[in-house]
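Reminder, nothing fancy here: chain letters follow the sequence lines and each chain counts from 1.
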There are 2 protein chains.
Amino acid sequence: MKIYDTKTAPTPRRVRIFLAEKSIPMEYVEVDLQKGENLSKEMREKNPIGKIPILELDDGTCISESDAICAYFEALQPEPFLFGESALEKGQVAMWQRQVEFGLFMQVGMCFQHTTGYFKDRMKPIKEYGVEAGINAAKFLKLLNRQLEQNQFIAGDKFSIADITAMCSIDFARVIDVRVKDEYTALQAWYDKVSARPSAKA
Amino acid sequence: MKIYDTKTAPTPRRVRIFLAEKSIPMEYVEVDLQKGENLSKEMREKNPIGKIPILELDDGTCISESDAICAYFEALQPEPFLFGESALEKGQVAMWQRQVEFGLFMQVGMCFQHTTGYFKDRMKPIKEYGVEAGINAAKFLKLLNRQLEQNQFIAGDKFSIADITAMCSIDFARVIDVRVKDEYTALQAWYDKVSARPSAKA
């Protein structure tokens, strides 16, 4: 099996970190997003919506969406549990994963795409919306800091996929100049801790 | 346990249908979104981002986000499997759930919020972005039709949470006047089939 990947993009990085945490080896095939290699006929057959990453199994079956690729590997090799172990943990991890994705990851991505025009050949950037998304992203960091004042990791006392998503979001947020404020000491301490895990280099 | 719910909103409807499919009884507490009851101090303690639905367990623990509440009940009572049974099914359901959420459900919601100003007391509507989101939603229906030309249900040959999300999206899309075109016969046949399930009335 292999994963069609883009080293510099924040979304596929989440999968690389997830697999590193589970010590699952993988073959990665680099796809140049900026050149639009992901939009070729061949790639559209693997994922009609033209996004990266895509996991291709040995029989040619493809699974796209970072979160879905991670769900596949979590089912295949549950430990270490990154989606939670008990029903309650699974619910709490899914809740935080979702809130971080909508409240931070997506806001950063939308701010980037709509204010820089990076993908203007394939979408219509609306600057005013991008600016608003950036404001939302900055606001969400305050909420995350509050959560981390009382919890070791984002979804509670164990490292999970929500930590991976949040770390990738914060690293990517540099491109829109949204950073962890000095006063967010709990968030910064958490960030330093998760960034020091070997998986963060994946 | 109980769920804070809003009968007329598309997101919590997904949870009601999910629980009906699993025959899990539930106490629902109605929250008036338009009046902003979800933004009260009491509700913010249950879910800081002020969204509905929220599952409250008997010990007071809260899980918000529709998808997360469903993940909790899937872990608690796996059958009938609505997130897939095998690893491959889990991956495929997660992929379609995600694509339907981003490509359809969210686009419909953003079009509604940004073009009507329904929540203008709590967000900044940007009409141009709303219009674009509506165009994206309409485009996604074409992709769904193609998938349903070759599959009985959205994620393959079994009913799943992706079907619930897609059906709720299509019903909600009436408010932005995006409808299944006559030529999308596979999508319409699927829609009629899933809408006829008793759970659709939940």
Side-chain angles (χ1 to χ4, degrees), chain A residues 47-49 51 54-55 57 59 61-78 83-99 101-103 106 110 114 123-133 135-136 139-140 142-144 146-147 155, chain B residues 47-49 51 54-55 57 59 61-78 83-99 101-103 106 110 114 123-133 135-136 139-140 142-144 146-147 155:
Chain A
N47 181 10
I49 68 166
K51 287 190 178 164
I54 304 167
L55 166 69
L57 304 181
D59 69 357
T61 303
C62 288
I63 300 174
S64 52
E65 301 296 320
S66 300
D67 187 78
I69 295 171
C70 294
Y72 171 76
F73 285 109
E74 182 84 356
L76 216 56
Q77 185 201 298
F83 280 78
E85 184 173 0
S86 68
L88 181 60
E89 281 175 11
K90 283 182 204 292
Q92 287 173 325
V93 168
M95 173 178 80
W96 279 102
Q97 162 77 340
R98 187 54 61 115
Q99 294 198 342
E101 279 195 317
F102 279 82
M106 210 186 69
M110 291 299 98
H114 286 272
M123 62 167 281
K124 181 180 171 185
I126 297 163
K127 193 154 189 175
E128 194 185 2
Y129 171 67
V131 169
E132 200 60 19
I135 293 169
N136 292 339
K139 273 187 198 161
F140 194 84
K142 187 177 178 180
L143 189 147
L144 266 192
R146 215 160 48 209
Q147 170 69 359
Chain B
N47 181 10
I49 67 166
K51 286 190 178 163
I54 304 166
L55 167 68
L57 304 182
D59 69 357
T61 303
C62 289
I63 300 174
S64 53
E65 300 296 320
S66 300
D67 188 78
I69 296 171
C70 293
Y72 171 75
F73 285 109
E74 183 84 355
L76 216 56
Q77 185 201 298
F83 279 78
E85 185 172 359
S86 68
L88 181 59
E89 281 175 10
K90 283 182 204 290
Q92 288 173 324
V93 168
M95 173 179 79
W96 279 102
Q97 162 77 341
R98 188 52 61 117
Q99 294 199 342
E101 279 196 317
F102 279 82
M106 210 187 67
M110 291 298 99
H114 286 271
M123 60 167 281
K124 181 179 172 187
I126 297 162
K127 194 155 189 174
E128 194 185 3
Y129 172 66
V131 169
E132 200 61 19
I135 293 169
N136 292 339
K139 273 188 198 160
F140 194 84
K142 187 177 178 181
L143 188 148
L144 266 192
R146 215 160 48 210
Q147 169 70 358

Pair Ser64(A), Arg98(B) - check side-chain contact (heavy atoms from CB on, under 4.5 Å), show working.
CA-CA 10 Å; Ser64(A) 52; Arg98(B) 188 52 61 117; over 6 Å; no
Report the residues that fulfil salt bridge (Lys or Arg N to Asp or Glu O under 4.0 Å) with Glu65(A), sequence neighbours left out, ordered by chain and then residue number.
none
[X] portion near chain A, given a 4.5 angstrom heavy-atom threshold:
X         : value
Ser66(B)  : neither
Ile69(B)  : neither
Cys70(B)  : neither
Glu128(B) : both
Asn47(B)  : side chain
Phe102(B) : side chain
Leu55(B)  : neither

[X] versus chain B, the contacting section by heavy-atom distance below 4.5 Å:
X         : result
Glu85(A)  : neither
Ser86(A)  : neither
Met106(A) : side chain
Leu88(A)  : both

So which residue, Glu132(A), Gln97(A), Gln99(A), ends up with the most heavy-atom pairs under 4.5 Å with chain B?
Gln99(A)
Within residues 89-96 of chain B, which positions have a heavy-atom distance to chain A below 4.5 Å?
Lys90(B), Gly91(B), Gln92(B), Ala94(B), Met95(B)
Please report the shortest heavy-atom distance between Ile126(B) and Tyr129(A), naming the atom on each side.
CD1-CA, 3.4 Å
